[in-house]
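Have a look at the structure below before the remarks.
Everything quoted here is computed from the prediction, not taken from an experiment. Numbered from 1 within each chain, the chains take letters A, B, ... in sequence-line order.
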2 protein chains.
Amino acid sequence: MTNQKKLVLDFLRRDTSHPTAEAVWENVKKQLPQISRATVYRILDNFQKEGVIRVLETKPTRFDGQIEPHQHFICNNCGKIFDLKEEKVCRCLRDGSNMVSVGKVHSFNVNFYGLCQNCQTESDDNLNNKL
Amino acid sequence: MTNQKKLVLDFLRRDTSHPTAEAVWENVKKQLPQISRATVYRILDNFQKEGVIRVLETKPTRFDGQIEPHQHFICNNCGKIFDLKEEKVCRCLRDGSNMVSVGKVHSFNVNFYGLCQNCQTESDDNLNNKL
DNA sequence: TATTAAATAGGAATTATTATTATTTAGAAG
DNA sequence: CTTCTAAATAATAATAATTCCTATTTAATA
């Protein structure tokens with residue numbers, strides 16, 4: 001754990017605004033002025049892969065130091081991003097009520113990630129061949 | 001409706017692979033070689049705002065000519081993108097079954113869009129002031 | 001402490017997208 | 001069917017976001 005990594009992680013766990021990579025860099029620079037932008041990008045990428053932080057599917061990408069299951073509400077007007085607890089998300093999607101604690105939902109978008117049937121079969125095959 | 005717009009829309013309604021802007025451009029060029037990349041970007045943007053097409057929250061952005069409510073399953077291995085009917089999405093999120101018709105869900109990400117309480121109140125105020 | 005593999009800094013390069021502007025065109029009006 | 005005009009387009013420059021490259025530095029451990 002380098003100093004750079006520690007500062008990035010500390011910042012993300014403190015700042016709940018879902019900052020961009022650029023914003024993380026700007027802020028960490030206050031404590032470590034020579035830190036490189038590329039370093040911040042790489043650290044964010046690694047933390048993400050390790051499951052230590054989470055990325056938001058926004059443009060530009062935003063980052064979240066909180067990894068307990070939750071989703072996001074993005075205000076179409078002010079752009080602010082709010083956290084939504086997982087159970088509220090499910091209720092909202094289930095019974096189509098568009099009112100949630102933080103506002104009124106106009107639309108939503110879900111991306112599922114996993115293994116498609118083809119790729120599942122292939123990885124099963126590979127496993128079998130090794131036995 | 002210009003020829004450029006027609007060709008872009010026709011292509012997106014025919015191609016179900018959720019192409020990138022670049023891919024749309026490459027394909028439409030086959031029929032209209034002088035079409036500009038910037039034109040494709042602008043047309044895609046306009047169609048999106050009109051609700052004629054849909055954008056996927058991917059990097060790079062992908063486009064979908066099908067606008068009936070549905071969500072997407074992205075294979076972590078091959079990268080292929082599958083459509084998921086809305087009711088399957090809800091069932092999957094509701095009872096946590098991670099098997100869907102197209103594969104096995106490892107994770108998902110939801111973005112809600114709408115008006116936060118502050119912005120809702122503001123727009124109500126504006127309305128009231130006009131009465 | 002010396003060693004070394006891994007990480008970083010700084011900047012170049014790349015990718016995706018948007019802006020600019022001169023030219024062209026679709027569609028209205030005559 | 002022509003002429004007109006606002007809107008759309010082509011070509012390219014510019015910007016934004018991210019990744020790549022490589023010489024240098026550093027954390028961890030022998």
Report yes if at least one side-chain N or O of [X] is closer than 4.0 Å to OP1 or OP2 of [N]; otherwise report no.
{"X": "A:R42", "N": "C:dA7", "answer": "no"}
{"X": "B:T20", "N": "C:dA16", "answer": "no"}
{"X": "B:Q4", "N": "D:dA10", "answer": "yes"}
{"X": "B:Y41", "N": "C:dT18", "answer": "no"}
{"X": "A:T39", "N": "C:dA9", "answer": "yes"}
{"X": "A:K59", "N": "C:dT17", "answer": "yes"}

_Check this for me, if you would: do B:D10 and B:K6 make a salt bridge, where the nitrogen-to-carboxylate-oxygen distance has to be below 4.0 angstrom?_
yes
*Among side-chain atoms of B:H18 and B:D83, is any donor-acceptor pair under 3.5 angstrom?*
yes
In this structure, how many angstroms lie between the [atom2] atom of [N] and the [atom1] atom of [X], rounded?
{"X": "A:L7", "N": "C:dA7", "atom1": "CG", "atom2": "P", "result": "17 Å"}
{"X": "B:K29", "N": "D:dA10", "atom1": "NZ", "atom2": "P", "result": "12 Å"}
{"X": "B:R37", "N": "C:dT17", "atom1": "CZ", "atom2": "P", "result": "11 Å"}
{"X": "A:E26", "N": "D:dA16", "atom1": "CD", "atom2": "P", "result": "13 Å"}
{"X": "B:N46", "N": "C:dT18", "atom1": "CG", "atom2": "P", "result": "11 Å"}
{"X": "A:W25", "N": "C:dG10", "atom1": "CH2", "atom2": "C1'", "result": "10 Å"}
{"X": "B:I35", "N": "C:dT24", "atom1": "CD1", "atom2": "P", "result": "17 Å"}
{"X": "A:L32", "N": "D:dT25", "atom1": "CG", "atom2": "C1'", "result": "13 Å"}

*Output the single nucleotide from D:dA10, D:dT9, D:dT18 whose closest atom is nearest the side chain of B:T2.*
D:dT9
_With a 6.0 Å cut-off (strictly less than), is the heavy-atom count around NZ of B:K80, excluding the residue itself, greater than 12?_
no
*asked:* Suppose we call a contact any N or O donor and acceptor under 3.5 Å apart; does that hold for the side chain of B:S36 and the base of D:dA11?
replied: yes
*Going hydrophobic residue to hydrophobic residue with side-chain gaps under 4.5 angstrom, can you get from B:L115 over to A:V105?*
no
*Map B:K5 and B:A38 onto DNA chain D by nearest heavy atom, then report which one ends up closer to the 5' terminus.*
B:K5
*Rounded to the nearest 0.5 Å, how far does CG of A:N98 lie from CZ of A:F108?*
10.5 Å
*Mapping B:N3 and B:A21 to their closest nucleotides on DNA chain C, which lands nearer the 5' end?*
B:A21
*Describe the nucleic acid contact of B:T61 in one word from base, sugar-phosphate, nothing, applying a heavy-atom distance below 4.0 Å.*
sugar-phosphate
